[in-house]
Every structure is written in structure tokens, then in C-alpha cells.
Amino acid sequence: MDLNQIFKTPNPIIGVVHLLPLPTSPRWGGSLKAVIDRAEQEATALSAGGVNGLIVENFFDAPFTKNQVDPAVVSAMTLIVQRLMNLVTLPVGINVLRNDAHSAIAIASCVHAQFIRVNVLTGVMATDQGLIEGEANQLLRYRRELGSNVKILADVLVKHGRPLGTPNLTTAVQETIERGLADGVILSGWATGSPPTQEDLELATAAANGTPVFIGSGANWENISTLMQAADGVIVSSSLKRHGRIEQPIDPIRVSQFVEATRRSFAGKAEPKPVSSVTY
């Protein structure tokens, strides 16, 4: 996966647009226009703040189905993503929660979005939706059938879940890439808003062996300079919300603050370490 080609930078910042409840979800408010208006506001705020890409999620549809979502959700997300792609010039990705990768790649292929996020691509995770099994074999064949080049970013040992197989991070990363054929991997903390540890990021990056590694949760303007020392990019949402509260809309000031802090960390990462002089 060539990050420079997709995002015009080797270290992309991907902001998340959390959609308000969609049709058939328990908290659906009855107005798709309200969902679209909020999504457009957030996409505009993220773009103006300097992020390098967007990912659109049906985040407020909880409680989620573990696999296939209702066709109304697919229809609504397709419409919304198309609107956002006409509004901003950033690369756009899709995550259909909890793990409907088939719908995500179908939407992305139809609207020419660039990537999707898959919470469980390989292995089995015990989650609040029950047991979720990765279906990499079906997803990769479906992508081929669609004639699509949509990239697959896959979570490894995803948040809000516990593995039933190996909990070994190195093995999980390697299998996600080498056997699941993920184009990039995502590492999160244990829950939304919780960051991965520096040690885990370093292990994942070593195991990925050149495949991009993204921070998937818990990044904020205070910790990003540390976290980015061992990652290629970051997916961020909660810390960009007004007052840092997940239910609030995106705050443009927080976006700018985060982007500035992240770019400073990239600059520090790129600077060569000084060579100490030695007297003989």
C-alpha cells in the first residue's frame, strides 16, 4: 500500500466522520437530511483542519450487528459517502460496523472510495456482539470479483474484543498481512479512546515488515508525538470532538491543534540524529 500515492504523504492523518444513527438503528431519528448535514459539517471541519483522509463509520448505530447490516444502512452510507466525496477532495474510506466488510467494499467500489477498515479480517474475536470470525477468504475473492482496487486496512486484536486464538501480537500481525492479505494494519487500545502502548506499536511495526501500521484509537495532541515514533499513520476521532466527548461534533480548533502536533512529530522523526564527535 503506497501511502504517498493515496494520501500524498507517507504519514497520513485520517479523521473519522461518525454518522448519526441511520435507518433501522435503535436511535434512528427519522431524518436522513440531519445525518447528511452533520456528516458534511464534520468532513468540512476535518478537511479545513488539515487531515489527509477521512473514514466514514455508522458509529451511532449501536448496538451493532456483528456481520451483515440492513440494506437501508448500505443505501444511506452510499449516498452520504458520495456527498462527502463531492464536498471534499480528500481520500475517503468506509467502515461498516461491526464487521460488514462486504458492504464496505461494495460501497467503496461503487463510489470509488480508496479504502475500507475491517475490524476482524482473520481469526476469531469474542465481542459484545458475540463471536466474530474473520472472512478474509470471502472478502478478497469479492474484491477480485468486483474488479476493485480498494485497499483493506485491518485491525489486529481489535478493541472491544478478546481473541479466541493466539493473543500474540507479532503472530497476529504477520497472519493478518501474510495470510489475510491486508494492505495495512491498525493497532488500537482496549476500547474507543484508549491508545495502544508504545511497545505494542513497535512490535507491530517490526512484524509488519514494511506494511503500513496505523494507530487506531486513543491518539490526542498530547500523546501523538510519542505514538507516531513507531507508526506510519493515525486514525483519530474522539479527541477531535468538542470538549473531547464522543457524542459531540468535530471541533475545528482541536483538529488544527492535533494536526500541528502530529506534523511536528513527523518532522522530529525525520530529523537525523546528531553524530557525536570523537577525539582521537
Side-chain angles (χ1 to χ4, degrees), residues 1-18 39-40 42-57 80-95 101 104-105 107-109 111-118 121 143 148-156 176-177 181-188 196 201 204-205 208-221 224-225 227-240 250 252 254-270:
M1 182 176 182
D2 188 337
L3 299 181
N4 262 315
Q5 183 179 14
I6 297 173
F7 299 102
K8 313 306 180 191
T9 173
N11 301 115
I13 304 166
I14 302 174
V16 185
V17 175
H18 284 158
E40 289 182 339
E42 296 205 339
T44 300
L46 288 165
S47 178
V51 302
N52 308 111
L54 303 177
I55 187 163
V56 182
E57 294 184 350
I80 294 165
V81 171
Q82 183 71 75
R83 291 282 291 260
L84 298 186
M85 292 182 70
N86 290 333
L87 181 67
V88 301
T89 57
L90 297 172
V92 174
I94 299 161
N95 187 15
I105 208 163
I107 296 168
S109 299
V111 302
H112 301 294
Q114 284 85 353
F115 62 99
I116 65 171
R117 180 176 184 173
V118 183
L121 181 66
R143 181 172 69 173
S148 172
N149 193 36
V150 171
K151 303 303 181 186
I152 298 171
L153 304 184
D155 284 271
V156 175
T176 301
I177 295 168
L181 303 186
D183 299 297
V185 294
I186 302 168
L187 206 65
S188 300
L201 282 170
T205 299
N209 194 30
T211 296
V213 174
F214 289 83
I215 300 158
S217 68
N220 57 53
W221 72 273
I224 190 61
S225 61
L227 294 176
M228 277 307 303
Q229 298 306 307
D232 298 291
V234 58
I235 299 171
V236 60
S237 178
S238 304
S239 66
L240 307 185
I250 294 290
R254 282 177 170 258
V255 178
S256 299
Q257 186 181 43
F258 180 85
V259 168
E260 183 181 349
T262 307
R263 288 181 176 162
R264 280 200 308 266
S265 74
F266 294 155
K269 189 176 179 180

Any idea which heavy atoms bring [X] and [Y] closest together, and the distance?
| X | Y | value |
| --- | --- | --- |
| A204 | L187 | CB-CD2, 3.9 Å |
| G184 | T211 | CA-CG2, 3.7 Å |
| P196 | S217 | CD-O, 3.4 Å |
| R263 | G50 | NH2-O, 2.8 Å |
| V92 | M85 | CG2-CG, 3.8 Å |
| V259 | G49 | CG2-O, 3.4 Å |

Does a side-chain heavy-atom distance below 4.5 Å link [X] with [Y]?
| X | Y | result |
| --- | --- | --- |
| F258 | V51 | no |
| S47 | T44 | no |
| L153 | M1 | yes |
| V236 | W221 | no |
| V150 | Q114 | no |
| N52 | P91 | no |
| D155 | R117 | yes |
| I13 | F7 | no |

(message) Apply side-chain contact (heavy atoms from CB on, under 4.5 Å) to residues E57 and V17 and explain how you reach the verdict.
(response) CA-CA 6 Å; E57 294 184 350; V17 175; over 6 Å; no
(message) With a 6.0 Å cut-off (strictly less than), is the heavy-atom count around CG of N209, excluding the residue itself, greater than 12?
(response)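 No, because the 6.0 Å sphere around CG of N209 holds 12 heavy atoms or fewer from other groups.
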Measure the spacing between [atom1] of [X] and [atom2] of [Y] and express it to the nearest 0.5 Å.
| X | Y | atom1 | atom2 | value |
| --- | --- | --- | --- | --- |
| H18 | E42 | NE2 | CD | 8.5 Å |
| D232 | F214 | CG | CZ | 7.0 Å |
| I14 | S237 | CD1 | OG | 12.5 Å |
| L54 | L90 | CG | CG | 5.0 Å |
| L84 | L46 | CG | CG | 10.0 Å |

(request) Give me the one residue out of I235, I186, I224 that meets side-chain contact (heavy atoms from CB on, under 4.5 Å) with I215. (result)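 The passing option is I224.
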(request) Please lay out, stage by stage, how N11 and L3 fare under the test side-chain contact (heavy atoms from CB on, under 4.5 Å). (result) CA-CA 7 Å; N11 301 115; L3 299 181; over 6 Å; no
(message) Holding to side-chain hydrogen bond (donor to acceptor under 3.5 Å, both in side chains), I want the full list of residues that pass it with S109, two or more places apart in sequence or in another chain.
(response)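 S109 satisfies side-chain hydrogen bond (donor to acceptor under 3.5 Å, both in side chains) with S148 only.
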(message) With a 3.5 Å distance limit and no angle check, can you tell me whether S239 reaches the backbone of A219 through a side-chain donor-acceptor pair?
(response)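 Between the backbone of A219 and the side chain of S239 there is a qualifying donor-acceptor contact (under 3.5 Å).
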(message) For the backbone of V111 and the side chain of Q82, can you confirm whether one donor and one acceptor N or O come within less than 3.5 Å of each other?
(response)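 Answer holds: no.
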(request) Evaluate the side-chain contact (heavy atoms from CB on, under 4.5 Å) criterion for residues V118 and I105: first the C-alpha distance (whole Å), next the side-chain angles of each, then the deciding distance (0.1 Å), finally the verdict. (result) CA-CA 10 Å; V118 183; I105 208 163; over 6 Å; no
